[in-house]
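Residue numbers begin at 1 in each chain, while the letters A, B, ... track the order of the sequences.
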Amino acid sequence: MTPADDFHDSAYDGLLDHHTVADDSQWAFGTEFEDPLAGVDTTVPAGEDPHALAAYCLMIGDDALVNAHRLSEWCSRAPDLEEDIALANIALDLLGQARLLLARAATASPDVVPPLPPGSPVPPEDALAFFRDDAAFRNVRLVEGDNGDFAVTIVRLLLFSTWRLALLERLQSSRDQVLAAVAAKGVKEVTYHRDYAARWFLTLSRGTEESRSRVLAGLDAVWRFHDELFVPTRIEASLADSGVGVDPATVAEEVAGLLDEVFSVSGVDRPDLPQVGAVAGGRGRDGRHTEAFSHLLAEMQSVARAHPSGRW
Amino acid sequence: MTTAQDEDLLAGFEATLARHERIEPRDWMPERYRRTLVRQIAQHAHSEIIGMQPEGNWITRAPSLRRKAILLAKVQDEAGHGLYLYSACETLGTSRRELTEMLISGKQKYSSIFNYPTLSYADVGTIGWLVDGAAICNQVPLCRTSYGPYGRSMIRICKEESFHQRQGFELLATMMRGSDEQRAMVQESVDRFWWPALMMFGPPDAESPNTAQSMAWGIKRDTNDELRQKFVDMSVPQARALGVTLPDPDLVWNQERGHHDFAQPDWEEFAAVVAGGGPCNAQRVAHRREAHENGAWVREAAAAFAARQFPVAEEPAPASASKPPQEQEQERES
């Protein structure tokens with residue numbers, strides 16, 4: 001036994017001295033981030049419409065939040081422990097991005113935050129995540145559906161992360177300092193997500209007969225949501241013009257090229273499938289979602305909504 | 001091998017233990033020591049993996065983004081603990097695959113606490129505070145256990161567990177500062193988990209058949225009752241700080257002993273849960289089996305892909321020629 005071992009006998013020391021764990025900031029996703037944007041300049045860029053900026057932050061924040069929810073459903077269910085850990089990592093990264101982006105939406109334009117009972121301690125980013133109705137969510141429909149098998153999840157992650165990385169790379173030079181900072185952090189994270197998905201796509205495509213047929217079925221299920229990713233809303237187009245946001249149509253070519261590379265080494269043809277249509281003229285970004293989505297939200301929001309003045 | 005050589009090896013093994021030094025994978029060890037370790041480490045690894053389920057049950061419903069991240073990271077840590085421990089078992093010659101088979105076929109056990117359900121979000125905090133707290137009491141002494149890879153895994157695991165325990169306590173403390181409903185939720189959760197937490201230390205010493213041998217081998221360092229007492233003594237002031245009542249009317253400070261007196265949990269219930277009759281035994285194993293079976297095609301695909309990509313890895317000659325002499329020697333011994 002070494003003196004260092006004694007340290008572990010004192011696991012309880014300090015527990016009663018302070019009820020919070022303020023000295024644990026070194027832990028990833030640690031315990032002290034009451035204000036996720038603490039120390040960041042949240043001034044809206046000159047000449048920018050705060051409502052448009054908030055709406056844009058909700059779009060890319062909701063994409064991350066909803067995808068994180070689906071990925072977190074894999075926890076304790078993945079094909080192996082290494083995959084369980086990896087999928088949780090990816091979910092945690094996206095959850096972190098979502099939290100920052102929802103907080104940014106609230107600081108840009110507080111009127112996007114749903115009203116809560118007077119004195120409720122629920123922070124604005126949580127009010128946005130847990131107290132908005134489905135039609136107020138701005139995520140694309142790609143991220144909403146059930147996970148399916150591991151192949152469906154990998155195909156969706158490949159498409160999502162390739163698209164998101166292209167967006168975040170451009171957003172790093174946004175005139176909005178918060179968006180630029182979130183994008184710079186996100187680029188590192190999503191680069192790993194894309195690499196992870198591409199490696200598994202290749203492995204499954206060239207693994208066994210079964211895994212290959214599951215990848216093809218996965219493509220069939222996921223690809224129908226492909227085109228929607230590149231349809232700009234008026235808000236995205238206008239924020240792109242003013243150097244704050246990115247017009248998704250402008251990343252279509254790059255994303256296609258990258259996916260074609262992955263398809264090519266995997267021996268898979270780029271799908272040519274009918275795409276999901278608009279609903280009364282609207283898509284995910286307009287608050288028109290899939291049937292699966294309100295079920296997802298009912299689950300995600302159930303505890304928070306039962307305690308609108310709850311302190312967590 | 002002659003009997004005299006056997007005796008020399010055994011004497012060397014015992015001398016290592018007597019010096020409180022570690023037994024390492026390349027050292028000779030009695031078969032029964034190896035088997036006891038595999039059983040104990042595997043049970044611990046399985047507990048980490050099964051233990052992902054009760055808390056994982058609340059990840060998609062965590063009521064704030066901060067709590068969701070904390071919970072997901074915690075359950076992910078448990079998968080990591082399972083990995084270290086399965087790896088420690090592999091140094092004793094038993095593979096993760098074999099151990100997983102034994103878990104899902106019910107041949108090996110995991111901690112019975114995970115056969116209780118999580119029924120409210122407060123349970124996430126209570127599991128952190130009481131269940132991880134009890135686990136730490138059990139596990140801290142294992143950092144000094146005689147088998148090297150196990151002891152070293154435990155050092156890292158205990159650091160993370162103690163962090164989880166404080167997070168659980170912090171969740172409960174935060175909820176206790178919230179609404180009346182939240183305070184009631186915390187108390188109800190503590191009422192349900194207190195007795196099962198006390199059971200985590202195992203049966204009373206008088207009824208624990210393996211304790212003496214495990215202590216002699218330095219695998220175990222304290223008796224069940226000693227650890228249980230330590231846990232109760234630690235928990236009482238914490239409960240007071242939280243403002244919750246521990247559900248034991250006999251719980252009282254005994255000045256003479258310098259410890260708290262407390263009632264025994266229902267050992268018949270414990271025996272029933274161990275025997276498979278807890279609220280969630282079948283559900284927990286079925287969940288693990290389903291995940292394992294659903295993942296079979298993925299693992300097969302990865303193996304087939306790797307075999308095609310790196311066919312050279314299957315030829316033993318060049319691989320072993322490049323290993324350092326030490327490792328070659330080890331292979332010859334085994």
Pair H260(B)-D233(B), side-chain hydrogen bond (donor to acceptor under 3.5 Å, both in side chains): steps then yes or no | CA-CA 6 Å; H260(B) 292 87; D233(B) 289 341; 2.8 Å; yes
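The contact between S302(A) and chain B is made entirely by side chain atoms (from C-beta outward), counting heavy-atom distances below 4.5 Å. Only the backbone of A62(B) has a heavy atom closer than 4.5 Å to any heavy atom of chain A. Residue R61(B) touches chain A through both its backbone and its side chain, counting heavy-atom pairs closer than 4.5 Å. Heavy atoms closer than 4.5 Å to chain B are found in both the backbone and the side chain of A151(A). If you measure heavy-atom distances from R240(B) to chain A, you find no contacts under 4.5 Å at all.
For chain A, the option among R299(B), K68(B), H287(B), E161(B) with the highest count of heavy-atom pairs below 4.5 Å is H287(B). Counting heavy-atom pairs closer than 4.5 Å to chain A, the top-ranked of the candidates A79(B), G151(B), S179(B) is A79(B). Residue with the most contacts toward chain B among I85(A), T208(A), L95(A), D84(A): I85(A) (heavy-atom pairs, distance under 4.5 Å). Residue with the most contacts toward chain A among A291(B), P63(B), G178(B), G295(B): P63(B) (heavy-atom pairs, distance under 4.5 Å). Here R96(B) is the residue among E293(B), M176(B), R96(B), E300(B) with the most heavy-atom pairs under 4.5 Å with chain A. With chain A as the partner, the residue from E181(B), Q182(B), E21(B) showing the most heavy-atom pairs under 4.5 Å is Q182(B).
Partners of R214(A) by side-chain hydrogen bond (donor to acceptor under 3.5 Å, both in side chains), not counting sequence neighbours, listed by chain and number: D149(A), E210(A). The ring pair (Phe, Tyr, Trp, His ring centres under 6.0 Å) test applied to F201(A) returns F263(A), not counting sequence neighbours. Remark: F137(A) pairs with F293(A) by the ring pair (Phe, Tyr, Trp, His ring centres under 6.0 Å) rule, at least two apart or across chains.
Below 4.5 Å, heavy atoms of chain A meet heavy atoms from I49(B), M52(B), Q53(B), all part of residues 45-56 of chain B.
Residues Y110(B) and N115(B) bring a donor and an acceptor atom of their side chains to less than 3.5 Å of each other.
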